[in-house]
Amino acid sequence: MSRDWSRLREELDRGRMWDILMQFPEDLERAWREAEELELEWEEPSKVLVAGMGGSAIGGDLAKEYAYDRARIPVEVVRDFEPPLYADRSTLAFVVSYSGKTEETLSTLSRLLDAGCAIVAVTSGGILGEVAAKKGLPVLEVPAGRPPRTALPYLYLPILVILSKLGVLEFDRGELEEAISMAREARRELFEGGETSRVAEELAERALGKIPLIYSYRPYYSVAYRFKTQINENAKQHAFCAEIPEMCHNEIVGWERGGSKYFPVFLRGREEDPRVRARVEYLVEVLEERGVGYGVVEARGEGRLSNQLSLLYAADVASYYLALLNGVDPTPIELISRMKKRVGGPHW
Ligand code: PA5
């Protein structure tokens with residue numbers, strides 16, 4: 001079915017999320033440059049924590065998967081009021097809150113300060129910005145005035161750049177160049193109606209009125225989770241994700257009785273272990289035997305970063321289109337805003 005996307009955008013995208021999506025390549029470049037400029041005199045840490053919630057935490061998930069087989073120390077994400085007990089003076093902690101006002105993140109920050117961790121603040125201001133200034137913490141400033149989830153380049157790339165500067169992982173800057181040119185190409189296709197718009201539009205059309213179940217594997221499972229949360233927040237729709245191989249030991253059984261209300265989507269990238277591939281092929285067979293339609297999104301490029309980010313960009317745009325199909329403005333997240341008011345602000 002051919003849709004008049006520009007008319008839907010005009011009518012529904014009052015928060016102008018489309019304009020931010022179209023800046024993705026420039027945001028990647030700027031986030032990279034600013035992270036390179038940050039000077040840190042620290043020793044190599046013994047572990048890394050990324051503390052944040054929602055849109056501010058996802059950069060930590062991507063970094064954790066990126067680092068899984070490239071760093072010799074653990075990289076963990078903390079979505080909580082408290083960091084784990086092992087946080088100590090040899091821990092590097094990124095404290096990420098776009099608004100700088102999120103209660104969970106600020107509570108964790110206070111414990112991380114008590115534990116003497118080396119802290120980098122990633123924020124557009126708020127209380128986190130104030131505390132960082134008072135305590136002399138290094139700050140990576142995120143441009144203000146947009147929904148946190150659209151600031152992903154500023155919440156992910158700096159973590160990789162800093163981990164590489166501190167010797168935690170080897171990160172070839174050529175991967176970044178590749179990811180940026182991939183993003184430029186994908187954006188051009190969105191303007192010209194090329195492959196990226198075809199993939200994103202088709203995903204949105206097929207997810208309409210269904211519950212998307214997004215399946216992927218390391219190092220792209222973080223993108224599956226991102227896709228789920230983007231569908232939740234942008235399209236105001238339920239969606240779930242599950243990781244291969246683990247889901248082959250539980251979730252897969254749900255398909256025994258079919259499931260026409262679901263729309264399974266596989267996110268596939270260049271790094272696909274043959275053991276993982278065998279499982280993906282088996283899952284596809286299970287779905288086909290039951291006549292369940294599924295979608296596949298293929299990553300682009302050679303490097304891990306380009307693969308992750310090309311999937312993520314397609315997923316972000318698909319969730320945006322799905323919002324338009326659902327007749328909603330992608331930007332507001334009323335139930336989150338009300339929750340923040342209801343539970344009370346941070347008590348710093
Ligand atoms: O996407 C969103 O707006 C949310 O998921 C927020 O990121 C989340 O509520 C945390 O807020 P903040 O990013 O300001 O710390």
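Whatever order the structure lists them in is the order used to number ligands and atoms, beginning at 1. Predicted model only: the values in this text are computed from it and were never measured.
- For ligand 1, the protein residues placed under 4.0 Å by at least one non-hydrogen atom are M53, G54, G55, S56, S97, Y98, S99, T102, P148, R149, E233, I333, I336, K340.
- Under the salt bridge (charged side-chain N to carboxylate O under 4.0 Å, His left out) criterion, R304 pairs with D69, E271, sequence neighbours left out.
- The side chain to side chain donor-acceptor pair (under 3.5 Å) analysis of residues 75-90, with sequence neighbours excluded, yields the pairs S46-S90, K47-D88, K47-S90, D61-R79, K64-E76, E82-R111, D88-S90, D88-T91.
- Not counting sequence neighbours, the partners of D316 by the side chain to side chain contact (heavy atoms under 4.5 Å, CB included) test are L21, R226, Q230, L312.
- Contact check on E29 versus R33 returns no salt bridge, with no Lys/Arg side-chain nitrogen under 4.0 Å from an Asp/Glu carboxylate oxygen.
- Cation-pi contact between R70 and Y66: present, with separation from the ring centre below 6.0 Å and deviation from the ring axis of at most 45°.
- The closest side-chain heavy-atom distance from Y98 to R146 is below 4.5 Å.
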